[in-house]
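Computation of the quantities below employed the complete heavy-atom set of this structure, encompassing side-chain atoms and omitting hydrogens, waters and symmetry-equivalent molecules. Each ligand, and each atom within it, is numbered from 1 in the order the structure gives. By convention here, the first residue in the shown sequence is residue 1.
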Amino acid sequence: MDLSTTYLGLRLPHPLVPGASPMADDLDTARRLEDAGAAAIVIRSLFEEQIVAEQMAAFRHTEEHAGSFAEALSYFPDTNVFALGPDEYLERIRLLKEALRVPVIASLNGTTRGGWLDFSTRMQDAGADALELNVYYVATDPAEVSAQVEARVVEMLQAVKGALRIPVAVKLSPYYSALAHLAGEIDRAGADGLVLFNRFYQPDIDVEALEVERRLHLSDSSELPLRLRWLAILSGRIGASLAVTGGVHTALDAVKAVMCGAHAVQMVSALLLHGPGRLRDVREGMARWLEEHEYESLEQMQGSMSLLRCPDPTAYERTNYVELLHSWR
Ligand SMILES: Cc1cc2nc3c(=O)[nH]c(=O)nc-3n(C[C@H](O)[C@H](O)[C@H](O)COP(=O)(O)O)c2cc1C
């Protein structure tokens with residue numbers, strides 16, 4: 001079965017890609033993912049806070065402004081908490097490029113337009129085949145309007161696109177009030193892809209200790225429908241390619257995402273839970289499903305459940321909502 005797809009202009013033998021995570025920290029695991037058939041591999045993110053902290057430290061050192069940034073620095077996570085420092089990150093890209101044949105996608109994670117984005121060119125020079133720009137931003141300032149938040153995403157993308165030759169994807173959260181418009185703006189600003197969606201790691205609280213509990217929950221397939229809805233809404237409406245991330249655990253999950261318009265299907269939790277071999281199972285399961293349903297190729301199925309031909313997706317969403325509520329007995 002022909003499962004090939006084009007994502008970020010990269011021709012891939014199938015859409016399954018291990019998403020940004022610690023899996024590529026270890027060369028052995030990365031090789032096992034490639035052996036299991038990964039079509040490309042996304043490295044975990046390098047964070048704005050790491051790059052800025054390093055830039056500030058260098059500036060402090062050379063300009064002898066010791067202490068003047070102490071307050072600003074105190075808001076940043078301790079740079080020791082990061083698994084890879086900026087130089088180690090570049091080295092990781094080089095090592096992965098030497099060890100693997102599949103495309104290696106680097107990831108930058110931040111929220112402001114600034115000099116830290118220049119680091120993307122060093123990732124490109126280290127051999128990254130593409131870049132994922134992850135905008136993980138919680139808008140907590142009541143004085144900040146949504147247009148400012150969205151404009152910043154576009155400006156960050158423009159800064160990176162202006163400096164790079166390699167393709168750039170933007171990894172977004174679903175929490176924008178006019179997501180379709182923002183996706184269009186990102187597309188017009190030259191993004192090669194959109195990755196839907198960032199998962200926000202929701203802290204709980206410990207009521208006895210009066211502490212915030214940070215716990216990382218892996219996903220399950222129940223997180224997929226939110227992604228399916230937005231893939232279906234955006235598919236065919238923007239030129240950038242689409243990747244799904246969040247809730248893909250089975251071959252059927254992957255089939256659904258492709259039907260809704262995904263060109264790439266990223267998996268993390270399922271691989272962390274079941275190991276790299278899960279990738280092969282999902283790929284084989286997809287191929288079997290397509291054969292059983294008499295498709296000739298994956299591309300024949302791609303976007304078949306898109307809402308592109310739906311005359312009014314907003315009315316359609318409301319109708320579904322109303323009918324669903326009224327169907328409850
Ligand atoms: C342990 C762990 C580390 C992650 N690290 C990153 C990261 O560095 N950058 C990023 O963009 N996403 C990161 N993610 C999010 C994943 O790339 C992915 O978007 C999310 O887990 C949803 O996909 P899934 O349902 O297949 O797990 C991480 C997820 C996990 C579980």
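- Looking at ligand 1, you won't find any N or O of His249 less than 3.5 Å from one of its N or O atoms.
- Donor-acceptor pairing under 3.5 Å is lacking for the side chains of Glu299 and Thr5.
- Within the listing of ligand 1, atoms 1 (C), 31 (C) sit less than 4.0 angstrom from a heavy atom of Leu216.
- Between Ala270 and ligand 1, no pair of N/O atoms sits closer than 3.5 Å.
- Counting the atoms of ligand 1 from 1 in the order shown, those under 4.0 Å from a heavy atom of Arg199 are 20 (C), 22 (C).
- Contacts between Lys171 and ligand 1, counted as non-hydrogen atom pairs separated by less than 4.0 Å, involve the side chain only.
- Checking only distances, Asn134 does come within under 3.5 Å of ligand 1, N or O to N or O.
- Within ligand 1, counting atoms from 1 as listed, the ones closer than 4.0 Å to a heavy atom of Arg44 are 8 (O).
- Considering only non-hydrogen protein atoms, atom 18 (C) of ligand 1 sits nearest to Thr245 OG1, 3.2 Å.
- Closest to atom 21 (O) of ligand 1, if we only count protein heavy atoms, is Tyr201 OH, 3.7 Å.
- Side-chain contact of Ser269 with His217: a donor-acceptor pair under 3.5 Å is absent, judged by distance alone.
- Near Met267, the atoms of ligand 1 lying under 4.0 angstrom from a non-hydrogen atom of the residue are 26 (O).
- Side chain to side chain, Thr111 and Arg152 fail the donor-acceptor criterion of an N or O pair below 3.5 Å.
- Ranking the protein heavy atoms by distance from atom 14 (N) of ligand 1 puts Ala20 O, 3.2 Å first.
- Looking at ligand 1, you'll find an N or O of Gly247 within less than 3.5 Å of one of its N or O atoms.
- Between the side chain of Ser235 and the backbone N or O of Ala232, no donor-acceptor pair lies under 3.5 Å.
- Closest protein heavy atom to atom 1 (C) of ligand 1: Pro22 CD, 3.7 Å.
- Of the candidates Leu133, Ile166, Leu164, Val168, Leu164 is the only one forming a side-chain contact (heavy atoms from CB on, under 4.5 Å) with Ser120.
- Side-chain N or O atoms of Ser107 include none that pairs as donor or acceptor with a backbone N or O of Ala20 at under 3.5 Å.
- No donor-acceptor pair closer than 3.5 Å links the side chain of Ser221 to the backbone N or O of Asp253.
- Neither the backbone nor the side chain of Val195 has any atom closer than 4.0 Å to an atom of ligand 1 (non-hydrogen atoms only).
- Glu291 has no carboxylate O lying under 4.0 Å from a charged side-chain N of Arg288, or vice versa, which leaves the two without a salt bridge.
- The closest side-chain donor-acceptor pair between Gln300 and Glu294, if any, does not fall under 3.5 angstrom.
- Of all the atoms in ligand 1, the ones that sit under 4.0 Å from a non-hydrogen atom of Ser219 are 24 (P), 25 (O), 27 (O).
- Residue Asn109 has no N or O atom closer than 3.5 Å to an N or O atom of ligand 1.
- By the 4.0 Å N-to-carboxylate-O rule, Glu91 lies close enough to Arg94 to be salt-bridged with it.
- Numbered from 1 in the order shown, with element, the atoms of ligand 1 that lie under 4.0 Å from a heavy atom of Leu218 read 31 (C).
- Not one N or O of Gly19 is nearer than 3.5 Å to an N or O of ligand 1, by distance alone.
- With salt bridges taken as basic N to acidic carboxylate O contacts below 4.0 Å, one links Asp28 and Arg31.
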Evaluate the criterion salt bridge (charged side-chain N to carboxylate O under 4.0 Å, His left out) for residue pair Arg278 and Asp281; output intermediate values, then yes/no.
-> CA-CA 5 Å; Arg278 182 67 165 212; Asp281 298 344; 5.2 Å; no
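- Side-chain contact of Ser21 with Arg44: a donor-acceptor pair under 3.5 Å is absent, judged by distance alone.
- For ligand 1, the atoms lying closer than 4.0 Å to a non-hydrogen atom of Ser269 are 24 (P), 25 (O), 26 (O), 27 (O).
- Protein heavy atom at the shortest distance from atom 8 (O) of ligand 1 is Ser45 N, 2.8 Å.
- Atom 26 (O) of ligand 1 has as its closest protein heavy atom Val268 N, 2.8 Å.
- Looking at Gln266 next to ligand 1, no N or O pair under 3.5 Å apart turns up.
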